[in-house]
Amino acid sequence: MQVSELSFGAGGYWGMKAFPERQAAQLVDQALEGGITVFDTGPNYSRGNAEERLGRILKGRTENLVISTKAGSHWINNRNVKDYSPRAIENSVHASLRRLQIDHLPLLHFHGFPHPADPAIETVLKLKERGTVGALGVSTGRGGAKEALKLGIFDALMVEYNIVDRSLEGLISEAQEAGVGVKLKSPLAQTLYSRDIFKIGGPSDVWYLLRALKNHRHKFVQGRKYRFINDVDGLAASEIALAFALNHPGVSSAVIGTVKPGHLRSNLRVPHLQLPADLLERIERAGSR
């Protein structure tokens, strides 16, 4: 499977009903024009709204794209529910196909390593045999990724790796050696290195800051170590952070999510960016402190 170095994250504030669909569609068009061929979403993303929005926007244009969604997480009665039972997975996949307005899902990730594992894995393997889904993956942390690699039946992993958190660096190399593709989540590290992280310009800034505080509060101090990347002439700090994440040879694609055309434009420049050796060395040193 050929994938673009950047994947468009169809979730977060982008998929919320508070964000106008016209603007969401413009961002998708901008991503397509910039060479992005992978669109990552999930049935529980954006309070259950993301898949339907992506399906409407991409209707009739998915032939050469890799549409990726999840199984195991479900948006039910305004809350996220985990269910890896065979029936739930089967129903979830077919519901995702309807919402996305496609008849084949190129890439399906478990949203977390499934428990119990055997019935869930057997279910997705049957879906693959029937041609309902193509490649299989797991979106998970260290433990789930190790289990997935040990089984040797998954085509892809989706893990967190970025300038602030490089704890899975070795595991990504293991995946590369095993011929397993790696898609990065949070490659921009929630911009924890930014001097403007608490600068609020609109509702989306509030939403993303609150999510960072909820899920990554313990990394805020670590992010301060990398404030120096804000002072590199000619490069935005986010461009440096994204380029660093993509610099790992085991990374297949990095998922970027934004509601701002300027941010997306900046991100689209990164695959062609080569970071100076002295900057890479400084980033490495900062991470070892």
Side-chain angles (χ1 to χ4, degrees), residues 3-9 11-14 36 38 40 68 109 112 137-145 156-176 180-198 205 208-232 235-258 260 263-264 266-271 273-276 279-289:
V3 298
S4 52
E5 282 192 82
L6 298 179
S7 299
F8 186 89
Y13 199 75
W14 175 91
I36 289 180
V38 184
D40 181 82
S68 168
H109 284 93
V138 184
S139 176
T140 183
R142 178 186 297 276
L157 292 177
M158 188 171 179
V159 297
E160 183 171 344
Y161 170 77
N162 52 56
I163 195 171
V164 175
D165 184 356
R166 287 176 258 160
S167 58
L168 298 187
E169 191 169 49
L171 192 142
I172 293 172
S173 296
E174 291 178 32
Q176 181 186 19
V180 174
V182 174
K183 188 163 59 170
L184 296 185
K185 49 187 174 181
S186 301
L188 289 168
Q190 299 80 41
T191 66
L192 297 177
Y193 42 78
S194 173
R195 293 194 180 97
D196 296 328
I197 190 167
F198 292 103
D205 296 327
Y208 283 112
L209 176 59
L210 289 176
R211 187 171 71 167
L213 287 168
K214 177 185 175 184
N215 299 327
H216 303 280
R217 185 184 296 268
H218 61 291
K219 297 178 183 176
F220 271 71
V221 174
Q222 183 75 1
R224 292 177 65 88
K225 295 181 181 180
Y226 301 93
R227 290 279 176 89
F228 63 86
I229 67 173
N230 293 275
D231 304 320
V232 178
L235 292 174
S238 59
E239 292 174 349
I240 293 170
L242 184 55
F244 179 84
L246 287 172
N247 191 59
H248 192 303
V251 170
S252 307
S253 188
V255 181
I256 53 171
T258 185
K260 298 182 178 181
H263 289 175
L264 181 54
S266 177
N267 291 336
L268 288 169
R269 289 197 291 263
V270 172
L273 183 62
Q274 185 73 35
L275 294 180
L279 179 57
L280 286 169
E281 289 173 11
R282 189 173 179 187
I283 291 170
E284 292 287 352
R285 288 198 304 271
S288 63
R289 293 204 305 264

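The structure presented is a predicted model; accordingly, all values stated were derived computationally and were not measured. Worth knowing before you read on, the calculation uses all heavy atoms, side chains too, and leaves out hydrogens, waters and symmetry mates.
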>> When you compare the side chains of Ser7 and Lys183, does any donor N or O come within less than 3.5 Å of an acceptor on the partner?
In response: no
> What are the two closest non-hydrogen atoms of Ile163 and Tyr193, and how far apart are they?
Replying inline: CG2-CD2, 3.9 Å
> For Gly181 and Ser252, which heavy atoms make the closest approach, and how far apart are they?
Replying inline: CA-OG, 3.4 Å
> Is the closest side-chain heavy-atom distance between His263 and Thr191 below 4.5 Å?
Replying inline: no
>> Could you measure the distance from the CG atom of Asp196 to the CG atom of Asn230? Nearest 0.5 Å is fine.
In response: 7.5 Å
> Looking only at heavy atoms, which two atoms of Val182 and Gly250 are closest? And how far apart?
Replying inline: CB-O, 3.5 Å
>> I need the minimum non-hydrogen distance between Ile229 and Ala237, along with the two atoms involved.
In response: CD1-O, 3.5 Å
>> Once rounded to the nearest 0.5 Å, what's the spacing between atom CG of Leu242 and atom CD of Glu5?
In response: 9.0 Å
>> Side chains of Thr258 and Trp14, heavy atoms from C-beta outward: is any pair under 4.5 Å?
In response: no
>> For the CZ atom of Phe244 and the CD atom of Glu284, what is their distance to the nearest 0.5 Å?
In response: 4.5 Å
>> To check you understand the geometry: which heavy-atom pair defines the closest contact between Ile256 and Leu188, and what is its length?
In response: CG2-CD1, 4.5 Å
> Below 4.5 Å, heavy atoms only, C-beta onward: do Val255 and Met158 meet side chain to side chain?
Replying inline: yes
> Are side-chain N/O atoms of Asp165 and Ser167 paired as donor and acceptor at under 3.5 Å?
Replying inline: yes
>> Would you compute the distance between atom CG of Leu280 and atom CZ of Arg285 and round it to the nearest 0.5 angstrom?
In response: 11.0 Å
> Is a side-chain N or O of His248 found less than 3.5 angstrom from the main chain of Glu169, in a donor-acceptor match?
Replying inline: yes
>> Would you call the rings of His218 and His216 parallel, tilted or perpendicular, taking 30° and 60° as the class edges?
In response: parallel
> Taking side chain as C-beta onward, heavy atoms only, is Gln190 less than 4.5 Å from Phe220?
Replying inline: no
> Would Leu275 and Asn247 count as a side chain to side chain contact (heavy atoms under 4.5 Å, CB included) if you check the C-alpha gap in whole Å, the side-chain angles of each, and the deciding distance to 0.1 Å?
Replying inline: CA-CA 9 Å; Leu275 294 180; Asn247 191 59; 5.8 Å; no
> What closest approach, in Å, do Tyr161 and Leu184 show between heavy atoms, and which atom pair accounts for it?
Replying inline: CB-CD2, 3.7 Å
> Is any side-chain heavy atom of Leu235 less than 4.5 Å from a side-chain heavy atom of Arg269?
Replying inline: no
> How long is the gap from CG on Asn215 to CD on Glu160, to the nearest 0.5 Å?
Replying inline: 9.5 Å
>> How long is the straight-line distance from CG of Leu213 back to CZ of Phe198, given to the nearest 0.5 Å?
In response: 5.5 Å
> Between Asn162 (side chain) and Ala241 (backbone), is there a donor-acceptor pair under 3.5 Å?
Replying inline: no
> In this structure, are over 12 heavy atoms from other groups packed under 6.0 Å from Arg224 atom CZ?
Replying inline: no
> Do Tyr226 and Leu192 touch side chain to side chain, with heavy atoms closer than 4.5 Å?
Replying inline: no
> Any side-chain heavy atom of Val270 within less than 4.5 Å of one from Leu246?
Replying inline: yes
> Within a strict 4.5 Å, meaning less than it, do heavy atoms of the Leu279 and Phe228 side chains meet?
Replying inline: yes
